[in-house]
Amino acid sequence: PSAPFSIHNFVATGAPYGLESARWVGPFAVCKTLELLVNKNRPGGLRACVAADPYGGVPTVYKDTVARLARGGQGVVAGGVSEDPGPGASGAPGAGWEPLILLAPVTLGATHTIAPGYLAQLCELFSFPQSLGVVGGRTGSSLYFVGCQGERLMYLDPHVVQDAVQDPAEPSGAELGSYRCPHILHMDIGNLNPSLAMGFLCASEDAFEDLCARIEALAERFGAAPLMTVQHGAQAGVAEYTGNDPEEGSDSEGDWQLM
C-alpha cells in the first residue's frame, strides 16, 4: 500500500471512475486513474494527461491544455480544473517544459472486430518516435503491444512476472536476462480487442509539436474516420465520470482489465 502505484492506491484513486478490485474496467477509467497517480507522485518529474471524451468519441489532443500542464500549469480534468500544482507554477509559454505522458483511451466499436481503417492507423502509430505502445489485448487477456510488422502485433504479456531486481545499479547476469523475452510474442492484428489505450511520451515541446503534426497528417489521410485528432485550443471542463462500466462479469468488449 505504501508504493505510489500499488494496486491498493490504484483502486482507491480510481474509485470515482468505477474502479473496484476483481472487477473488469474500461480504458478511460484506467487512464484517468493513472493520470491522477502520475501527477500526484511525479515519478522522474513526469506529468500525465488523458486525451479522451469520457462518453466516447475520437480522442482529441487539445494543444493549449496539454502545453499548459507540461509547463507546470493547471490542466482540465473530469469535473473541471486539476489541482493547483503549487507556488511558482504558471503554465505560461515561457515556462520550462516538463516531460509528459499522453494517454489516449478509445473503444473502436461495439463488436469483436475493428474496421481496417483504424487498424492501419494503429499500425502507423507504432512508428511515431513518441509512441509508448498500446495497452489492449484479445478477449479475456490484457496485453502490452510494442510494435507491428505486417499483420502481426508484437506484445509483452504482463501476466508473466519476474523476481524483483535486488540492486538495479548492479544487476546479476540472471537478472539482466529477465529483462528480455526468450522469444517474440505476436498475434494477428485482426484479433485485437476494440477497447484499448495508446500512450506517447513527449519529452520536450518539440517532441509534442512533432507528435501533433503526425496525428494531424494521419487524420487528414483517413478523413471521416480518424483514430485521433488535434485541436488548437484549450479543452473546456467536462462532466464528472462516475464509472458507467458494465456490471461485473460482463462480456462487453469495452472491458479489458481485471483489477
Worksheet item: Angle class for the Tyr155/Phe145 ring planes (parallel below 30°, perpendicular above 60°, tilted otherwise)?
Response: perpendicular

Item to complete: Please tell me if the side chains of Glu205 and Arg71 come closer than 4.5 Å, counting only heavy atoms from C-beta onward.
Response: yes

Worksheet item: So which pairs with a foot in residues 210-222 pass side-chain hydrogen bond (donor to acceptor under 3.5 Å, both in side chains), sequence neighbours left out?
Response: Glu124-Arg221, Gln130-Asp210, Asp210-Arg214, Glu216-His232

Discussion item. Quick check: do Val66 and Phe208 have side-chain heavy atoms less than 4.5 Å from each other?
Written reply: yes

Item to complete: Please list, chain by chain and in numerical order, all residues satisfying side-chain contact (heavy atoms from CB on, under 4.5 Å) with Leu46, sequence neighbours excluded.
Response: Val38, Pro99, Ile101, Leu201

Discussion item. Is there a side-chain contact between Ser21 and Ile7 in this structure, where contact means two heavy atoms from C-beta onward sitting under 4.5 Å apart?
Written reply: no

Discussion item. Can you tell me how far apart CG (Leu185) and CG (Leu153) are? Round to the nearest 0.5 Å.
Written reply: 12.0 Å

Worksheet item: Listed by chain and number, what are the side-chain contact (heavy atoms from CB on, under 4.5 Å) partners of Arg42, not counting sequence neighbours?
Response: Arg47, Glu98

Discussion item. Looking at Arg138, is its backbone amide N or carbonyl O close enough to the side chain of Ser141 to form a donor-acceptor pair, meaning the two atoms are under 3.5 Å apart?
Written reply: no

Worksheet entry | Main-chain N/O of Ala29 paired to Thr33 side chain as donor or acceptor, under 3.5 Å | yes

Worksheet item: Do Tyr62 and Phe200 share a hydrophobic cluster (ILVMFWY, side-chain heavy atoms under 4.5 Å, transitive)?
Response: no

Discussion item. According to side chain to side chain donor-acceptor pair (under 3.5 Å), who are the partners of Lys63, at least two apart in sequence or on a separate chain?
Written reply: Glu209

Fill in: Heavy-atom pair with the smallest gap, counting every atom of Phe5 and Pro43
CZ-CG, 3.9 Å

Practice prompt. State plainly whether one hydrophobic cluster holds both Leu156 and Ile184, where clusters connect Ile, Leu, Val, Met, Phe, Trp and Tyr through side-chain heavy atoms under 4.5 angstrom apart.
Written response: yes

Donor-acceptor list for residues 173-181 side chains, cut-off 3.5 Å, not counting sequence neighbours:
| unit_1 | atom_1 | unit_2 | atom_2 | d |
| --- | --- | --- | --- | --- |
| Glu175 | OE1 | Ser172 | N | 2.9 |
| Glu175 | OE1 | Ser172 | OG | 3.4 |
| Glu175 | OE2 | Gln166 | N | 3.2 |
| Ser178 | OG | Glu175 | O | 2.6 |
| Arg180 | NH1 | Leu176 | O | 3.3 |

Item to complete: Kindly indicate whether the side chain of Phe10, heavy atoms from C-beta on, has any atom under 4.5 Å from the side chain of Leu19.
Response: yes

Worksheet entry | Any donor-acceptor pair under 3.5 Å from Trp97 side chain to Asp206 backbone | no

Worksheet item: Taking the side chain as C-beta and beyond, is there a heavy-atom pair between Val30 and Val135 under 4.5 Å?
Response: no

Discussion item. Does atom CG (Asp163) have a neighbourhood of more than 12 heavy atoms from anything else shown, all under 6.0 Å?
Written reply: no

Practice prompt. List for me each residue that meets side chain to side chain donor-acceptor pair (under 3.5 Å) alongside Gln149, sequence neighbours excluded, and say none if there are none.
Written response: none

